[in-house]
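Working notes, structure below.
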Amino acid sequence: METTTHIAIVSVPVYSHLRSILEFSRRLVHIHQDIHVTCINPTFGSPCNNTKALFDSLPSTIDYMFLPPINLEDFPHDTHPAIQVQVTISRSLPLIHDALKRLHSRSRLVGVIVDGLITQALSFGKELKIMSLSYFPSTAMLLSLCLYSSMLDKKISCEYKDLLDPIEIPGCIPIHAVDLPDPLQDRSSEAYKQFLEGNERFYLADGILVNTFYEMEERTIRALQQEEGRGVPFVYAIGPFVQKGSCNEGSETEYLRWLDQQQHNSVLYVSFGSGGTLSYDQINELAWGLELSGQKFLWVLKPPNKFGIIADIGAENEDPFQFLPNGFLKRTKGHGLVVPYWASQVQILSHGAIGGFLCHCGWNSTLESIMHGVPLIAWPLFAEQKMNAVLLTNGLKVALRPKLNEKGMVERDEIAKVVKSLMVGEEGKGIHQSMKKLKDDADDALREDGSSTRTLTQLALKWKSLAVA
């Protein structure tokens with residue numbers, strides 16, 4: 001009788017992270033059908049419909065449990081979503097510990113994989129004497145920064161934003177301080193302290209799984225792997241993992257019928273991810289910029305939010321159209337289409353009419369664009385998205401990035417210029433060619449003999465050998 005190899009996965013209550021780690025799990029059990037996965041999920045409320053749909057679509061070889069919701073009544077109702085997530089993670093640790101111990105006693109675990117935001121749980125794997133790995137749902141470039149951050153902290157005495165020269169991160173292209181992740185913008189903040197502490201815990205891992213592929217970040221991955229003998233965990237480039245389709249999608253939606261009527265590569269898709277939002281003023285400038293560009297567009301619009309992110313992606317509490325300029329919908333009718341709140345991104349990006357993607361540079365959306373060969377306009381909002389934008393524009397040459405004015409806004413004329421450049425300009429042609437090559441590299445990485453598949457199999461064989469030991 002064949003031995004089943006049992007792996008536990010610990011997620012975090014962030015939709016984009018959850019999507020990524022579940023797609024990894026889905027691919028793992030598809031390639032290695034004798035591996036069984038159980039996903040442990042902390043929560044701070046009832047899972048929204050989008051989250052439920054993710055789990056309902058999983059194969060039978062992936063089990064899951066939602067831990068009891070964490071009580072956040074001692075925090076104000078309008079607490080920033082990032083703080084809600086941090087507190088939920090912290091208060092869920094005893095529940096995660098108990099769940100792992102129960103799983104291990106019932107069905108011997110050979111490994112635990114924890115999301116990169118919950119590195120505290122790596123010590124639980126050590127306690128159970130099983131393989132402890134971290135799943136990193138972003139770039140190898142960001143991982144290199146995380147692993148190097150304590151050294152950077154000792155090396156630089158001033159605020160990073162006061163540095164005149166770009167910062168050198170091992171194996172990466174130089175990056176200006178303004179493009180570092182949000183927690184590094186203020187070294188006196190609690191977020192900065194937590195960033196350093198969380199990064200130090202990566203060194204507890206027996207390995208780090210990264211949602212990237214060798215051909216895309218070869219120099220960075222090589223640099224990280226060469227550090228293995230110096231205490232850095234081995235880095236496994238095993239991506240890209242993206243959703244193949246949406247659980248909510250339909251084949252007869254208005255926007256898909258509209259796309260069917262458009263010419264090949266003629267439409268710019270505009271979306272800021274599952275939760276990203278713009279300010280009212282920036283929505284206004286973007287609308288005018290799209291109109292001035294003269295290019296066709298499909299815009300998924302959410303209302304403004306003071307945090308720049310909607311915590312509950314299933315919430316649709318107000319009409320986002322009220323924030324558009326007067327007469328905009330009428331003037332652009334037939335030339336553009338605005339969809340409120342949500343649309344099936346995978347279906348849109350795979351449509352032949354799409355010739356560009358104005359994107360917030362979230363890593364899930366970025367990889368989806370790469371997998372469909374759609375070049376980008378990089379419009380980062382928060383977290384590590386500015387770093388991603390640097391990689392996409394300066395490193396991979398698959399994106400254009402509009403310039404901000406002195407108030408941190410992108411003005412309508414700049415938007416119109418960049419949109420025209422990508423969609424019909426000479427510079428855009430080069431971006432299209434670079435993206436086509438990157439798409440081919442991504443496809444190759446996922447083939448049976450591709451770099452990511454071989455790496456994942458190398459890891460799976462380690463687990464299987466532990467299961468029979």
Side-chain angles (χ1 to χ4, degrees), residues 246 248-306 308 310 313-345 347-360 365 374-377 379 381 400 402-405 407 409-425 428:
S246 165
N248 298 326
E249 67 191 22
S251 58
E252 292 300 319
T253 53
E254 179 192 359
Y255 55 83
L256 290 177
R257 289 195 297 271
W258 184 80
L259 285 175
D260 288 340
Q261 299 166 17
Q262 311 309 317
Q263 293 182 352
H264 184 70
N265 280 356
S266 66
V267 178
L268 178 73
Y269 171 49
V270 181
S271 177
F272 294 92
S274 54
T277 65
L278 302 176
S279 68
Y280 169 72
D281 289 340
Q282 188 62 86
I283 288 173
N284 194 65
E285 288 299 305
L286 178 53
W288 279 111
L290 291 172
E291 185 176 345
L292 287 169
S293 76
Q295 303 303 304
K296 296 201 169 184
F297 63 87
L298 172 59
W299 182 5
V300 179
L301 176 65
K302 298 179 183 69
N305 178 282
K306 69 176 181 179
I310 297 175
I313 61 171
E316 297 184 10
N317 299 323
E318 53 186 332
D319 177 14
F321 291 172
Q322 67 182 297
F323 302 101
L324 292 169
N326 287 335
F328 173 77
L329 293 174
K330 185 175 181 181
R331 291 192 305 272
T332 58
K333 187 174 182 180
H335 203 74
L337 185 66
V338 183
V339 179
Y341 281 99
W342 186 91
S344 173
Q345 183 156 291
Q347 281 189 308
I348 290 170
L349 289 172
S350 64
H351 198 286
I354 298 297
F357 181 11
L358 193 159
C359 172
H360 66 306
S365 290
V374 179
L376 294 156
I377 293 174
W379 190 310
L381 298 180
L400 299 177
K403 294 181 176 64
L404 302 174
N405 67 13
K407 295 180 180 178
M409 293 266 293
V410 187
E411 296 177 346
R412 62 190 70 179
D413 290 340
E414 174 70 6
I415 294 165
K417 182 182 79 172
V418 173
V419 169
K420 283 193 285 189
S421 183
L422 183 73
M423 299 300 289
V424 294

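All values below come from the heavy atoms of this structure, side chains included, with hydrogens, waters and symmetry mates left out.
Heavy atoms only, all atoms of each residue included: H264 and G352 are closest at ND1-O, 3.0 Å. Across E318 and P320, no two heavy atoms sit closer than the pair O-CD, 3.2 Å. Minimum heavy-atom separation, A416 to L292: CB-CB, 3.9 Å. Nearest approach of A287 to P325, heavy atoms of both residues: CB-CD, 3.5 Å. Of all heavy-atom pairs spanning S279 and M409, the tightest one is OG-SD, 4.4 Å. Here the closest heavy-atom approach between residue F357 and residue L422 is recorded as N-CD2, 4.5 Å.
No more than 12 heavy atoms of other residues, nucleotides or ligands shown are found within 6.0 angstrom of CD on Q263. Environment of CG in N326: sparse, with no more than 12 heavy atoms of neighbouring residues, nucleotides or ligands closer than 6.0 Å.
Separation of atoms OG (S266) and CD1 (I354) is listed at 8.0 Å; rounding is to 0.5 Å. The CG atom of L298 sits 12.0 Å away from atom CG of L358, with the distance rounded to the nearest 0.5 Å. Remark: K302 NZ to Y341 OH distance equals 9.5 Å, nearest 0.5 Å.
Side-chain atoms of K417 never come within 3.5 Å of backbone atoms of P402 as a donor-acceptor pair (strictly under, hydrogens ignored).
Contact annotation: the side chain of T253 never approaches that of S344 to less than 4.5 Å [non-hydrogen atoms, C-beta and beyond]. For the pair F323/T277, no side-chain contact is recorded, criterion being any heavy-atom separation below 4.5 Å from C-beta on. In this structure, the side chains of K407 and N405 come closer than 4.5 Å at one or more pairs of heavy atoms. Within the 4.5 Å cutoff, the side chain of L278 has heavy atoms near those of the L381 side chain. Side-chain contact between L286 and F272 is present, with heavy atoms from C-beta onward closer than 4.5 Å. Put simply, the side chain of E414 does not reach to within 4.5 Å of the side chain of L404, judged on heavy atoms. Residues S274 and W342 are not in side-chain contact: their nearest non-hydrogen atoms beyond the backbone lie 4.5 Å or more apart. Side-chain contact check for V374 versus Y269: every heavy-atom pair is 4.5 Å or farther apart.
When the side-chain hydrogen bond (donor to acceptor under 3.5 Å, both in side chains) test is applied to K420, no partner is found at least two apart in sequence or on another chain. Every ring pair (Phe, Tyr, Trp, His ring centres under 6.0 Å) that F328 has, sequence neighbours left out, goes to F297.
Listed by first and then second residue, the side chain to side chain donor-acceptor pair (under 3.5 Å) pairs involving residues 281-293 are E285-R412, E291-R331 (not counting sequence neighbours).
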| task | Take T332 and L290 through the side chain to side chain contact (heavy atoms under 4.5 Å, CB included) test and state the conclusion after the steps. | result | CA-CA 9 Å; T332 58; L290 291 172; over 6 Å; no
| task | Walk me through it: do Q347 and Y255 pass the test side-chain hydrogen bond (donor to acceptor under 3.5 Å, both in side chains)? | result | CA-CA 10 Å; Q347 281 189 308; Y255 55 83; 4.6 Å; no
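The side chain to side chain contact (heavy atoms under 4.5 Å, CB included) test with W299 singles out one residue from L268, L337, I283, and that residue is I283.
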